Amino acid sequence: MDQYNASAIEAKWQGRWEADRCFVAETGSDKPKYYVLEMFPYPSGRIHMGHVRNYTLGDVVARYRRARGYNVLHPMGWDAFGLPAENAAMERGVHPGKWTTENIAAMRTQLRGMGLSYDWDRELATCTPDYYQHEQRMFLKFLEKGLAYRKESWVNWDPVENTVLANEQVVDGRGWRSGAPVERRLLSQWFLKITEFADELLGAIEGLERWPDRVRLMQQNWIGRSEGARVTFTLTETGPGGAGSLDVFTTRPDTLYGASFLAIAANHPLAVALGEADPDAAAFIAECAKLGTSEAAVETAEKKGYKTGLTVQHPLIADCQLPVYIANFVLMEYGTGAIFGCPAHDQRDLDFANAYDLPVIPVVLPDDAEAGSFTVTDTAYTGPGKLFNSGDWDGLSVEDGKRAAIRALESRDAGTGQTTYRLRDWGVSRQRYWGCPIPIIHCDSCGMVPVPETDLPVELPEDVDFDTPGNPLSNHPSWKHTGCPTCGGDAIREQDTFDTFFESSWYFLRYADPAHPDGFSREAAAYWMPVDQYIGGVEHAVLHLLYSRFFTRALRETGYLDLDEPFAGLMTQGMVCHQTFQDQQGKWLFPTEVERAGDGWREIETGRPVTAGRIEKMSKSKRNVIDPELIISTYGADTARLFMLSDSPPERDMEWTEAGVEGASRFLKRLHRMAGDPDLAPVGSTVPTDGAPADLVRAAHRAIKAISEDIEAFRFNKAVAQLYTLANAITDLSDRSVEAAAARRFGIETLTRLLAPLAPHVAEEMWQALGHETMLAASPWPEADAALVTEASVEIGVQVNGKLRDTVSLPRDAVEDEARAAALASAGVIRYLDGKEPKKIIIVQNRIINVVV
RNA sequence: GCGGGCGUGGCGGAACUGGUAGACGCACUGGACUUAAAAUCCAGAGACCUUGGGUCGUGGGGGUUCGAGUCCCCCCGCCCGCACCA
């Protein structure tokens with residue numbers, strides 16, 4: 001048999017699979033369906049190791065399910081709208097459409113080279129009118145149903161570039177290109193009413209049984225249902241703009257007696273009104289605006305406030321008035337944009353109170369504390385306890401206190417129980433060119449008018465200019481000018497485009513029926529949906545997945561679908577990491593630029609020593625990247641795939657190492673050699689039932705069972721370990737008998753079939769070398785014989801007082817008396833007992849014996 | 001700041017529902033083959049000690065249990081997400 005030549009083998013079998021259309025999903029099949037989907041990539045130009053990992057995981061599942069007799073849908077496409085295309089246009093003068101199309105072509109070639117079992121007939125790209133026209137229609141349906149609306153909201157504004165910045169384009173409060181301090185600006189934008197489904201999205205999480213718990217938890221926390229109270233504080237004198245009172249939301253109405261101040265967001269209407277009259281207030285508000293719009297920036301900033309001079313009356317304590325501050329840590333988006341501060345029982349309030357010399361009045365007494373001596377200085381007490389310093393409520397628990405507070409507030413007309421959500425409506429407007437146009441026309445006389453269905457799609461103009469600052473769609477000379485569909489007069493198109501999460505919120509439906517004139521058909525969706533197994537990065541744990549869950553419900557409400565949840569099973573994979581290298585000047589070096597030098601590393605070109613740094617997520621900025629194409633051309637796709645699956649469990653971060661790749665490559669070469677062994681018994685030889693050869697047959701059956709279970713549970717690293725174990729068992733049976741040759745054939749054939757989902761090309765080649773005409777891509781999965789997977793005897797540990805002292809071999813399922821006798825007779829136990837009587841013997845069948853003295 | 005996660009030999013990891021810690025691989029050491037090297041094959045190996053035996057050992061400290069990597073409490077370190085990156 002020839003030497004293992006990965007590139008020749010891989011090209012050969014990719015061609016065969018393609019010619020036989022092995023991976024095309026069937027329509028009208030009576031097999032059970034299985035929809036496996038990997039998160040589609042943004043076409044950045046080249047695939048990276050994260051893609052290789054993601055798509056390898058999906059491909060194993062797809063190939064395994066096909067072998068298991070399912071009609072598998074395994075599609076691939078392109079999340080093709082987005083910022084990088086516009087950046088390329090600005091930096092290199094290439095049109096975003098051309099850039100994107102070329103990138104797609106390059107990446108498709110790379111993906112095909114990996115031997116992934118996609119049904120390429122269903123490929124889609126979201127930047128084509130053929131795709132995005134459907135979401136324009138969906139949006140108009142949402143609008144009719146009241147699921148889309150317009151309101152003002154804040155954006156990061158770069159005053160030099162005259163453009164809206166994404167959060168990632170804001171670096172330390174400045175625009176990434178201009179370096180100008182970023183401002184917050186209010187813009188009128190489109191929103192989707194995801195909050196209308198807050199309770200449903202929250203409740204349905206429970207049913208997502210095949211989702212990781214951590215993702216379910218993150219979604220729960222993101223929706224953030226909290227029960228509390230809305231409390232009205234009356235201003236002691238009328239505020240600017242005639243404001244008479246302030247409403248706050250609190251989850252801790254029980255601590256109302258400990259209130260020492262009120263704080264409002266910098267963009268609260270009352271703050272805005274104050275700013276108009278008070279230059280100092282305006283200056284403070286302007287300072288808050290520099291923080292940008294990201295929640296992390298706001299919450300990590302030092303807590304600051306501005307004392308407005310206004311005071312409010314405490315609703316329960318007659319002679320108590322509280323000062324009102326504008327504070328940089330209060331978010332307008334949450335609750336009412338105003339809070340009351342109880343410093344003793346909230347850390348942020350305490351930090352604020354300490355900074356501004358406000359009183360700290362404890363009102364919850366921990367169970368182990370004394371009312372007379374309990375004080376709070378630097379650490380707020382947020383735990384359980386009994387209320388005190390709280391009038392009638394003294395002695396109540398926190399929970400009873402909350403109920404009492406709501407009753408008290410309601411009886412005085414000063415508030416009411418209320419449930420709020422952290423979840424905010426989804427802002428979908430983007431002031432960008434490379435996105436799906438929002439199909440709305442603004443007319444001076446008719447207002448906002450939807451583009452009539454017959455005029456859809458609204459297509460992006462090709463001839464746009466990226467040299468002028470601002471939105472290219474607004475700068476375009478003619479595109480925005482149109483006629484009003486209602487009155488026929490001059491009107492202006494909406495120039496914002498959709499958030500690219502819009503496209504990814506329904507692409508899984510388009511795959512079900514990719515040529516359908518309505519986007520997808522109800523029938524195809526009913527057959528294929530939900531996605532049985534979705535696989536992608538954990539970085540999408542909240543937004544993309546939550547938006548898709550919402551979108552599916554919105555499509556249900558607008559009559560497209562009968563479905564609630566799009567993804568029945570979810571697997572979130574970890575990141576691919578690599579060691580980092582820096583030269584003496586601190587410049588980052590690519591792994592291909594360095595080599596080992598004794599215990600350390602040196603730069604290949606100059607021979608100068610190199611500092612090997614931390615192992616980090618592969619990133620362009622730190623240059624710790626390995627190009628998958630280099631790996632595929634050097635070792636082959638099968639090696640890249642096998643290494644991706646070995647060692648690290650898929651949900652955990654993995655480290656890419658040269659040594660690991662070498663190991664995977666060596667293993668495949670070894671298997672390839674084993675399949676070419678001329679001393680194997682002929683095809684179809686009877687498998688032996690006695691002696692050492694039969695042990696190998698049993699080992700093969702155990703491998704079938706274990707690997708099947710491992711693949712189904714996403715334990716691919718264990719599946720690979722099982723392949724090694726079986727390979728070792730085949731090698732270890734070195735005897736030259738006919739029976740042994742037959743057992744080795746059974747062993748290697750089984751191994752080849754089990755390898756097929758993981759390293760499919762070499763498995764096909766081995767299968768052919770073993771004398772088979774069939775293709776594994778079209779072959780059923782091997783079946784384990786239950787009678788052959790269990791072993792007759794078990795090695796059991798024997799402990800004395802919980803420490804292992806010996807092991808005994810017992811028949812499987814031996815009764816207690818037999819186990820006890822064997823344990824007491826073992827040398828280790830006799831030595832330790834030293835003639836003493838055991839007090840107690842704990843026997844766990846087939847597991848452990850513990851002799852307690 | 002808030003939310004989520006991770007931490008086991010030199011390294012990646014395995015260990016089911018609390019039951020023999022370290023499967024399998026990598027790196028390493030020794031041996032075989034070779035003029036030599038690579039490749040391949042065989043063997044060894046958690047650390048320590050007074051080595052046919054024992055002690056210690058799953059980020060640190062405490063607890064529950066006959067028995068804890070696994071359960072509980074406290075602490076430390078690192079990573080991810082935070083609504084306009086995708």
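Letters A, B, ... mirror the listed sequences (proteins, then strands); counts begin at 1. Note that this is a predicted model, so its numbers are computed, not measured.
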When you measure from the side-chain N and O atoms of [X] to the phosphate of [N], is any distance below 4.0 Å, counting only OP1 and OP2?
| X | N | result |
| --- | --- | --- |
| A:Arg652 | B:A14 | yes |
| A:Arg216 | B:G3 | no |
| A:Tyr832 | B:G54 | yes |
| A:Arg422 | B:G3 | no |
| A:Lys617 | B:C78 | no |
| A:Asn728 | B:G25 | yes |
| A:Arg666 | B:C41 | no |

Practice prompt. Could you tell me whether the side chain of A:Gln799 has a donor or acceptor atom within less than 3.5 Å of a complementary atom in the base of B:C66?
Written response: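 Under the 3.5 Å cut-off, the side chain and the base do not form any donor-acceptor pair.
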
Using the side-chain heavy atoms of [X], tell me which of these nucleotides is nearest: [options].
| X | options | result |
| --- | --- | --- |
| A:Glu795 | B:U20, B:A86, B:C24 | B:U20 |
| A:Asp732 | B:C42, B:C2, B:A83 | B:C42 |
| A:Arg831 | B:G4, B:G53, B:U40 | B:G53 |
| A:Leu804 | B:G19, B:U20, B:G81 | B:U20 |

Worksheet item: If you find the nucleotide of RNA chain B closest to A:Val794 and the one closest to A:Glu168, which residue's nucleotide is nearer the 5' end?
Response: A:Val794

Please determine whether a side-chain nitrogen of the Lys or Arg among [X] and [Y] lies less than 4.0 Å from a carboxylate oxygen of the Asp or Glu.
| X | Y | answer |
| --- | --- | --- |
| A:Glu333 | A:Arg422 | no |
| A:Lys193 | A:Asp425 | no |
| A:Arg736 | A:Asp679 | yes |

Worksheet item: With both distances kept under 3.5 Å, what pairs with B:G7, Watson-Crick or G-U wobble?
Response: B:C76

Practice prompt. Inspect the surroundings of CD in A:Glu302 and state if more than 12 heavy atoms from other residues, nucleotides or ligands are less than 6.0 Å away.
Written response: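 No - once you tally the heavy atoms of other residues, nucleotides and ligands closer than 6.0 Å, there are 12 at most.
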
Worksheet item: For the pair made of CZ in A:Arg214 and P in B:G81, what is the distance, rounded to whole Å?
Response: 12 Å

Practice prompt. State whether a side-chain donor-acceptor pair under 3.5 Å links A:Asn717 with A:Ser646.
Written response: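 Note: A:Asn717 and A:Ser646 side chains miss the donor-acceptor criterion.
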
